Amino acid sequence: MADKLTPQQRHKCMSHIRSKNTKPEMLVRRYLFKCGFRYRIHVRSLPGTPDIVLKKYRTVIFVNGCFWHGHEGCKYYVIPKSNADFWKKKIERNRERDWEERIQLRDLGWHVIQLWECQLKPKVREENLRGLVCTLNHLLLLNYGAKDYPLEEETGAEAAEPEVEDLGRTDG
């Protein structure tokens, strides 16, 4: 199917697509805020300028468009017929850059979560957002849970059996 727009019209249309504060990103931010999470957005000091940064959780979230970041196997990732070589190269560069930035963030000690545009479509949105909150809570336990309860090797003490108080309760 041929493009219905002239090259100038297509250029103008594509140039107006935003990279920040997109609808999928805003959905995730509103949901996280509603659930009590506090975050920073577009932190330029981190590799890749993550969409959402949860410092307390040592976690960054990227909300990627399926087309622009080449989501394999997704129905929204279709290479245009016109200028196909350009689009293949561009999307491949985006994927390589995304990969390098994720590696850099992990090397800095950050957890990286990548959400796709198709995961935020109305039919699956609620389930995926609940899964995101569950993952963040799990990461919080990983980051802080072990600090509150030192392991046996750290204290040098032997593991003690938990003490149970008898409150005078009789069964029967």
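Every value quoted in this text rests on a predicted model; they were computed, and no experiment measured them.
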OG1 on Thr49 to CD1 on Ile41, rounded to 0.5 Å: 12.0 Å
Pairs flagged by salt bridge (Lys or Arg N to Asp or Glu O under 4.0 Å) wherever residues 33-42 is involved - sequence neighbours left out: none
Pro80 versus Phe67, closest heavy-atom pair with distance: CD-CE1, 3.7 Å
Inter-residue atom distance Ile52.CD1 - His42.NE2, 0.5 Å rounding: 8.0 Å
In one Ile/Leu/Val/Met/Phe/Trp/Tyr side-chain cluster, 4.5 Å: Ile61, Leu142: yes
Spacing of Lys55 atom NZ and Leu46 atom CG [to the nearest 0.5 Å]: 10.0 Å
Neighbour count above 12 (heavy atom, 6.0 Å) for Lys121 NZ: yes
same_hphob_cluster(Ile113, Met26) at 4.5 Å side-chain heavy-atom cutoff: no
Spacing of Leu139 atom CG and Cys134 atom SG [to the nearest 0.5 Å]: 9.5 Å
Spacing of OH belonging to Tyr76 relative to NE2 belonging to His71, to within rounding of 0.5 Å: 11.5 Å
Joint cluster assignment, Leu132 & Val60, ILVMFWY side-chain distance < 4.5 Å: no
Fellow cluster residues of Trp116, listed by chain then number, with links counted only when side-chain atoms sit under 4.5 Å apart: none
Minimum heavy-atom distance between Cys118 and Cys66, given as atom pair plus value: N-SG, 3.4 Å
Residues in ring-ring contact (aromatic ring centres under 6.0 Å, His included) contact with Phe62, at least two apart in sequence or another chain: none
Hydrophobic cluster identity match, Leu115 and Val112, side-chain contacts under 4.5 Å: no
Heavy-atom side-chain contact between Leu32 and Leu129 under 4.5 Å: no
Asn64 backbone acceptor or donor facing Glu117 side chain under 3.5 Å: no
Whether over 12 other heavy atoms sit under 6.0 Å from Phe33 CZ: no
Of all pairs that satisfy salt bridge (Lys or Arg N to Asp or Glu O under 4.0 Å), the ones with a partner from residues 123-144, not counting sequence neighbours: Glu126-Arg130
Test log, rule side-chain contact (heavy atoms from CB on, under 4.5 Å), inputs Thr59 and Val53: CA-CA 6 Å; Thr59 302; Val53 177; over 6 Å; no
Just distance, no hydrogens or angles: give the donor-acceptor pairs under 3.5 Å from side chains in residues 99-110, sequence neighbours left out.
from	atom 1	to	atom 2	distance (Å)
Arg102	NH1	Gln114	OE1	3.1

For Leu140 against Tyr57, the heavy-atom pair lying closest together: CB-CE2, 3.4 Å
Main-chain N/O of Trp68 paired with Asn94 side-chain donor or acceptor, under 3.5 Å: yes
Asn137 and Phe37: CA distance, side-chain angles, deciding distance, side-chain contact (heavy atoms from CB on, under 4.5 Å) verdict: CA-CA 10 Å; Asn137 288 327; Phe37 292 92; 3.9 Å; yes
Reported CZ-to-CD distance for the pair Arg95 and Glu92, which is rounded to 0.5 angstrom: 5.5 Å
For Tyr39, ring-ring contact (aromatic ring centres under 6.0 Å, His included) partners two or more places apart: none
Where Val63 and Glu25 come nearest, the two heavy atoms and their spacing: CG1-N, 3.8 Å
